[in-house]
Amino acid sequence: MNPSAALSVPQQATITVIGGHSAVTSTLDGAASWRAVGKRILFIGHFKSQEQARAAQSTLEFLTDQAIWILDQGPELIMKRKQDRCFVYGVGEFLDACAETHGAHAAWVHESDCIILSDHPGTVQQFSTALQTRLKSELKPSLQVVASVNKS
């Protein structure tokens, strides 16, 4: 299933896929069709550890224009592409840093035209709250967000 099929996202738009293993699946499902119409694909992966992230790293490097890895615990993931980043303090700290700085890991906030968020309830809530409050002033007015909560 293409998770953005029902959205009217313009060509040359940036699609940001956020989450864990189900976000990887969403990226696998949608990347070819998104790329075919000129969309930029940014992946923000949330994983417990380097080992979990490493299992998806090569595939996502092939499918995306940039990947930002959020790990709950270290050590950090070794980046193979210069545009990729790794943040090793969990989702809450990552969102705090995005709200406080305009660094390389925070550009997604103002670049995203569509966000596909797919993770566990707590993580979805953290991103949802941040997008509606402290990150809201940096978002594009036309931003579209689709969220899918994983119960397992």
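Computed from heavy atoms alone, side chains included, the values below leave out hydrogens, waters and symmetry copies. Keep in mind that this is a model prediction, so the values were computed, not measured.
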Flag if over 12 foreign heavy atoms under 6.0 Å of NZ, Lys136
no

Take Asp113 and Lys39, measure what salt bridge (Lys or Arg N to Asp or Glu O under 4.0 Å) needs, and give me the verdict at the end.
CA-CA 10 Å; Asp113 295 290; Lys39 293 187 178 22; over 6 Å; no

Mind checking the OG-CG spacing from Ser49 to Asp72? Nearest 0.5 Å is all I need.
9.0 Å

So OG of Ser58 and CG of Leu63: to nearest 0.5 Å the spacing works out to 11.0 Å

For residues Ile78 and Phe87: do they belong to one hydrophobic cluster (side chain heavy atoms under 4.5 Å, members Ile, Leu, Val, Met, Phe, Trp, Tyr)?
no

N-O pairing of Arg35 and Asp65 below 4.0 Å
yes

Donor-acceptor contact present, side-chain Gln132 to main-chain Ser128, <3.5 Å
yes

Checking side chain to side chain contact (heavy atoms under 4.5 Å, CB included) for the pair His120/Val149: CA distance, chi angles, key distance, verdict?
CA-CA 6 Å; His120 297 285; Val149 179; over 6 Å; no

Of the non-hydrogen atoms in Val17 and Ala23, which two are nearest, and what is the gap between them?
CG1-O, 3.5 Å

Minimum heavy-atom distance Ser112-Lys140, with the two atoms named
O-CD, 3.5 Å

On a heavy-atom basis, which atom in Ile44 and which in Ile70 lie closest, and how many Å separate them?
CG2-CD1, 3.5 Å

Do the rings of His21 and Phe47 sit parallel, tilted or perpendicular, given the 30° and 60° boundaries?
perpendicular

Ser148 to Val124 - nearest heavy-atom pair and separation:
O-CG2, 4.0 Å

Quick one: does Thr129's side chain have a donor or acceptor within less than 3.5 Å of a partner on Gln126's backbone?
no

Are Glu61 and Asp84 side-chain neighbours, meaning at least one heavy-atom pair lies under 4.5 Å?
yes

With sequence neighbours excluded, residues passing side chain to side chain contact (heavy atoms under 4.5 Å, CB included) with Val88
Leu71, Glu76, Cys86

May I have the step-by-step check of side chain to side chain contact (heavy atoms under 4.5 Å, CB included) for Thr14 and Trp34, ending in yes or no?
CA-CA 9 Å; Thr14 296; Trp34 298 333; over 6 Å; no

Using every non-hydrogen atom in the two residues, find where Arg81 and Leu60 come nearest and quote the distance to one decimal.
NH2-O, 4.3 Å

Take Gln66 and Ile68 through the test side chain to side chain contact (heavy atoms under 4.5 Å, CB included) and record every step on the way to the result.
CA-CA 7 Å; Gln66 181 182 12; Ile68 300 171; 4.1 Å; yes

Are Lys48 and Gln73 packed together at the side-chain level, in the sense that at least one heavy-atom pair is separated by less than 4.5 angstrom?
yes

Got Val146 and Ile115 here, is their nearest side-chain heavy-atom distance under 4.5 Å?
no

Thr59 versus Leu28: any side-chain heavy-atom pair under 4.5 Å?
yes

Establish, from distance only, whether the side-chain atoms of Thr16 and Arg40 form a donor-acceptor pair under 3.5 Å.
no

Can you tell me if Arg85 uses its side chain to pair, donor with acceptor, with the backbone of Trp69 under 3.5 Å?
no

Go through the steps to decide whether Leu135 and Cys98 satisfy the test side chain to side chain contact (heavy atoms under 4.5 Å, CB included), and finish with yes or no.
CA-CA 8 Å; Leu135 300 178; Cys98 289; 4.2 Å; yes

Does any part of the side chain of Met79, heavy atoms only, come nearer than 4.5 Å to the side chain of Gln57, both counted from C-beta?
yes

pair Leu42-Ile15: side-chain heavy atoms closer than 4.5 Å:
no

Tyr89, Phe127: one ILVMFWY side-chain cluster at the under-4.5 Å cut-off?
yes

What pair of heavy atoms forms the shortest contact from Cys114 to Leu143, and how long is it?
N-CD1, 3.8 Å

Are any side-chain N or O atoms of Thr123 and backbone N or O atoms of Asp119, one a donor and one an acceptor, separated by less than 3.5 Å?
no

